[in-house]
Amino acid sequence: MCPSTPAAASPADAVRPENEPRARPRWSHPGALLGPWSLALTVLAAGCSSAANVGGAQDGDTDTDGFGGFASGLSASQGESSGEGTTAASDGAVTTGNDETGGASTSGTSELPAPPSDEPAPIDEKDPQNVPEDVVCAGDQTTGWRLAARDPDAMSSPAHAREAMLGQWPSLTSVSIRPWEFLNYYTFAYPAASPGQLLAGAQLRASQDDLGDLYELQVAIRGPELAEADRPPVHLTLALDNSGSMEGKALELLKQSGHVLAGKLRAGDTVAVVSWNEADAPLLPVKMVSGPHDKELLAAIDGFTVGGSAELTQALTAGYAQADKAYVPKDINRLILVSDGGATATQDDLEQMAKRAGDVANKTGVHAIGVGVGDPGLYRSGLIDAIGVAGAGPSIYVGSGGAAETQLGQRFLSLVGLTASAVDVRVTLPPGLELVADVPDEAQVLGQDHVTAAPTDNSVIHRRLRPCVDELDPQGVVQVEILWVDALTGEAKQTSAEWKLTQLLSGETGWLEKGEAVLAYAAALRTIQYDAGDVGAIDRAWERLEAAKKALPGDPELTEIGQVLAALQEP
């Protein structure tokens, strides 16, 4: 989940001169790592192949809010599938941070390695009351969809990729590229919702591909702004991995992360610090801090050392024991587990975190947050990703001091806060326009992730739509409906917004184009992990990036993406 405040600008703008030949990527990796709880499936956009045209904007229809379409009314984001993934499976019972799964070997053959399998994903669900496709394409019926949602708090993958490629020894060998996390990680400055509400928006752009006409749709769901001074009290328990593998950079980053978190606390908040060995006494039993940078808290962090037994099961026992002592039903209660990813999570661990994260009316759960630290070449994301999914909290990666400031400092409220749970996003399309999910027959269809929204949260869902009539009605309406549960009161809420096609097509598309650039960038990283010679993927990423930079000049995150793409091409 992303705040609306952009990340700090990168030192330089990596722009590829138009006439400069593209170099081949300087590394290769035959496969991508699979994350936890993996039963993979691919979601592909498809539809009828008939061309379609929409008339221009009519008087009074032009959107004037500067964001395409936005109206009162968070959801998880799901990146576009590459269309090349195949299903894969694991037993889901044990998550090991050190495991790696590579692609198929092609030694001695001319075949390319198998593409990395997609992570498990829910699919877009068509309203069962909708009419059959042949009637939809007759042009007189609307279609409703429940948009598939991914965990909106998972965002370690793009941070890991950035650190891996911009470091001293650029390589993506240890990075698991999870495309949907890229839309979670990067910022989209849509308007904020009113307190206690969510806001829905949409941007639409006409495009084409090899099959003909299509439309790029980006749905945005925005949480309310919340000032630091107005947030509820926070009760944090820091569980610090003390295993031997944490020695060195991981330990340094752990302490830097702790200092950043200490700087975000205020008088009245509480904090406790434990190691991942329940036999050890707490480094700091529950205490109310005096304010930012509490001296006792900093002393506990600075005095932390590694070595000895360190298991997640013991970390949870020690951590929840302190969290229970500090628990206040209507406040923010969080267990933050910091690790280099080299431990193991059992199914019992995952179930315990899920149970403890349960929210009921006027009694919030203790959500678990996974913070990965360490050298990008050694860090393994599986454990941290599993903690985030099971614990219903963010999963992030901190690979530098600057990343600690961004991820834990600038994004503190969206890291620990919670506005809504059980978020459900639905879209109704006008006659003659389809969103079709093409799922392999052998793929297991999964249910929706546990979708939440936080203060300052900002999520986007990107889809492709295919027209199946010769001409769409420009007055046709796109509707977005959001249903959610208020995280504090347990009250069920909903809102909806709608726009005419001509209104959306004449409106702003800058954030949609940024979304396209982010997804093309993720696709390029993912593609060349198994085929270093596929410069076409990098070409496409550059094209989308340059279009987005024209729409959003000076965006520092687009500059950063350009730096990584340039690093991929260095000899």
Side-chain angles (χ1 to χ4, degrees), residues 36 94-99 156 235-262 271-287 297-326 333-357 366-375 378-391 393-398 404 408:
V94 179
T95 301
T96 305
N98 290 326
D99 288 349
S156 67
H235 309 286
L236 298 184
T237 300
L238 307 183
L240 311 180
D241 185 350
N242 60 296
S243 61
S245 64
M246 290 287 294
E247 190 68 65
K249 185 172 182 178
L251 179 58
E252 176 187 345
L253 291 171
L254 177 150
K255 293 184 177 183
Q256 288 179 332
S257 297
H259 274 253
V260 172
L261 288 172
V271 67
V273 184
V274 300
S275 76
W276 280 31
N277 185 348
E278 64 178 319
D280 294 342
L283 285 80
L284 181 67
V286 175
K287 69 153 292 181
L297 172 57
L298 294 180
I301 293 169
D302 290 339
F304 175 71
T305 58
V306 300
S309 173
E311 293 294 336
L312 180 60
T313 299
Q314 296 189 45
L316 296 177
T317 300
Y320 285 129
Q322 296 300 311
D324 288 343
K325 294 178 181 178
N333 303 274
R334 299 291 180 260
L335 172 63
I336 300 180
L337 297 120
V338 188
S339 173
D340 64 350
T344 299
T346 68
Q347 187 68 22
D348 287 343
D349 294 335
L350 302 177
E351 290 175 355
Q352 180 184 11
M353 285 187 284
K355 182 177 180 180
R356 295 300 301 265
V366 180
H367 292 215
I369 299 171
V371 178
V373 293
D375 185 282
L378 301 175
Y379 170 68
R380 295 295 180 267
S381 63
L383 176 70
I384 298 302
D385 294 335
I387 289 171
V389 172
S395 54
I396 64 174
Y397 167 67
V398 173
L408 302 173

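What's counted below: heavy atoms across the whole structure, side chains too, no hydrogens, waters or symmetry copies.
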Any donor-acceptor pair under 3.5 Å linking the side chain of Asn277 with the backbone of Ala310? no

Can you tell if the side chain of His235 reaches within under 4.5 Å of the side chain of Val271, non-hydrogen atoms only? no

Which distance, rounded to the nearest 0.5 Å, do you find between the CD1 of Ile387 and the OG of Ser339? 6.5 Å

Quick check: do Asp349 and Leu316 have side-chain heavy atoms less than 4.5 Å from each other? yes

Looking at Leu312 and Thr344, what are the two nearest heavy atoms and their distance? CB-O, 3.4 Å

Looking only at heavy atoms, what is the nearest atom pair of Leu297 and Ala262, with distance? CD2-CB, 3.6 Å

Let me confirm one number: the NZ-CD distance from Lys355 to Gln352, rounded to the nearest 0.5 Å. 9.0 Å

Answer yes or no: is there a side-chain heavy-atom contact under 4.5 Å between Tyr320 and Thr237? no

Using side-chain contact (heavy atoms from CB on, under 4.5 Å), reason through Ile301 and His259 one step at a time and then give a plain yes or no. CA-CA 8 Å; Ile301 293 169; His259 274 253; 4.2 Å; yes

Within this structure, what is the CG-CG distance for the pair Leu238 and Leu284, rounded to the nearest 0.5 Å? 9.0 Å

Is the shortest heavy-atom distance from the side chain of Ile369 to the side chain of Leu337 under 4.5 Å? no

Within the side chain of Asp280, is there an N or O that forms a donor-acceptor pair under 3.5 Å with the backbone of Ser275? no

Backbone N or O of Arg380 within a donor-acceptor pair of the Tyr397 side chain at under 3.5 Å? no

If you compare all heavy atoms of Asp340 against all heavy atoms of Tyr379, which two are closest, and at what distance to 0.1 Å? O-CD1, 3.2 Å

Rounded to the nearest 0.5 angstrom, the CD1-OG distance for Ile396 and Ser156 is 9.0 Å

Side chain to side chain contact (heavy atoms under 4.5 Å, CB included) involving Asp324 - partner list, sequence neighbours excluded: Arg356

Between His367 and Asn333, is any side-chain donor less than 3.5 angstrom from a side-chain acceptor? no

Sub-4.5 Å side-chain heavy-atom contact between Val371 and Ile384: no

Taking all atoms of both residues into account, what is the closest heavy-atom pair of Gly388 and Ser395, and its distance? CA-CB, 4.2 Å

Of all heavy-atom pairs between Ala272 and Gln322, which one has the smallest distance, and what is that distance? CB-CB, 3.8 Å

Tell me the closest heavy-atom pair linking Leu383 and Trp276, and the distance in Å. CD2-CH2, 4.0 Å

Going from NZ on Lys255 to CG on Leu240, what distance comes out if it is rounded to the nearest 0.5 angstrom? 10.0 Å

Any donor-acceptor pair under 3.5 Å linking the side-chain atoms of Ser243 with those of Asp241? yes

What distance separates Glu247 CD from Thr305 OG1, expressed to the nearest 0.5 Å? 9.0 Å

For the residue pair Asp348 and Thr313, confirm or rule out a side-chain donor-acceptor distance under 3.5 Å. no

